[in-house]
Amino acid sequence: MVRTMQQRNELIALALTARKNAYAKYSNYAVGAALLADSGKVYTGVNVENASYPLSMCAERTAIFKAVSEGERAFQAIAIASDNGGSPCGGCRQVLSEFGLDIQVITVDRDGRIILDTRVEDLLPSAFKPSDLQ
Ligand code: THU
């Protein structure tokens with residue numbers, strides 16, 4: 001969870017700014033994400049599409065993979081900005097769940113209006129978890 005309204009607003013602002021770098025030339029649906037790690041650092045991501053459509057990557061997973069590749073393993077919250085504040089896709093829910101069902105998920109529209117403020121667990125009930133492999 002974000003700790004304060006200010007922290008939430010900062011995360012949202014970073015997602016909106018990141019969204020400007022989205023590479024969404026096929027769908028024209030630009031998405032930006034800002035992921036707050038326990039370390040306090042924020043990692044941003046955008047969707048990166050490809051002429052071979054299925055190879056496209058969502059903004060949320062870009063942010064998560066950037067963070068994990070920098071050594072992060074625990075996260076507080078993710079803000080996701082899109083035109084209409086769309087919900088994260090199923091694949092991104094699963095990837096988020098790998099790192100915690102408690103991660104706060106905030107979606108905002110193009111103007112920063114909050115559309116959804118929830119947790120991974122609510123978006124992905126009965127998730128298949130790392131502990132299922134033990
Ligand atoms: N997209 C995301 O970046 N995140 C989501 O959770 C939903 C979809 C992207 C993928 C694709 O580039 C575009 O939005 C349209 O599906």
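Worth knowing before you read on, the calculation uses all heavy atoms, side chains too, and leaves out hydrogens, waters and symmetry mates. Counting starts at 1 for both ligands and their atoms, in listed order. Source: prediction; values computed, not measured.
Ring geometry for F75 versus F99: interplanar angle over 60°, hence perpendicular rather than tilted (30 to 60°).
With rounding to the nearest 0.5 Å, the separation of OG1 in T44 from CG in L11 is 10.5 Å.
Listed by number with element, the atoms of ligand 1 under 4.0 Å from a non-hydrogen atom of E60 are 2 (C), 3 (O), 4 (N), 5 (C), 6 (O). Remark: ligand 1 atoms within the under-4.0 Å shell around heavy atoms of C89 are 5 (C), 6 (O). Remark: ligand 1 atoms within the under-4.0 Å shell around heavy atoms of P88 are 6 (O). Near N47, meaning under 4.0 Å from one of its heavy atoms, ligand 1 places the atoms 3 (O), 9 (C), 11 (C), 12 (O), 13 (C), 14 (O). The ligand atoms of ligand 1 that sit less than 4.0 angstrom from a heavy atom of Y29 are 13 (C), 14 (O).
Around atom NZ of K41, no more than 12 heavy atoms belonging to other residues, nucleotides or ligands sit under 6.0 Å away.
Cluster annotation: V95 and M57 are assigned to the same hydrophobic cluster (Ile/Leu/Val/Met/Phe/Trp/Tyr, side-chain heavy-atom contacts under 4.5 Å, transitive). The hydrophobic cluster containing L14 does not contain I114, counting ILVMFWY residues as joined when their side-chain heavy atoms lie under 4.5 angstrom apart, directly or transitively.
For ligand 1, the polar-atom distance check finds no N/O of S27 at less than 3.5 Å from any of the ligand's N/O atoms. Close N/O approach between C58 and ligand 1 is not found [any backbone or side-chain N/O within under 3.5 Å].
Sorted by first and then second residue, the pairs that involve residues 1-12 and meet salt bridge (charged side-chain N to carboxylate O under 4.0 Å, His left out), not counting sequence neighbours, are R8-D117.
What sits closest to atom 11 (C) of ligand 1 on the protein, heavy atoms only, is E49 OE2, 3.3 Å. The protein non-hydrogen atom at the shortest distance from atom 3 (O) of ligand 1 is A59 N, 2.9 Å.
In this structure, atom 6 (O) of ligand 1 has a protein heavy-atom contact shorter than 4.0 Å.
Side-chain contact annotation: E70 with Y43, donor-acceptor N/O pair under 3.5 Å absent.
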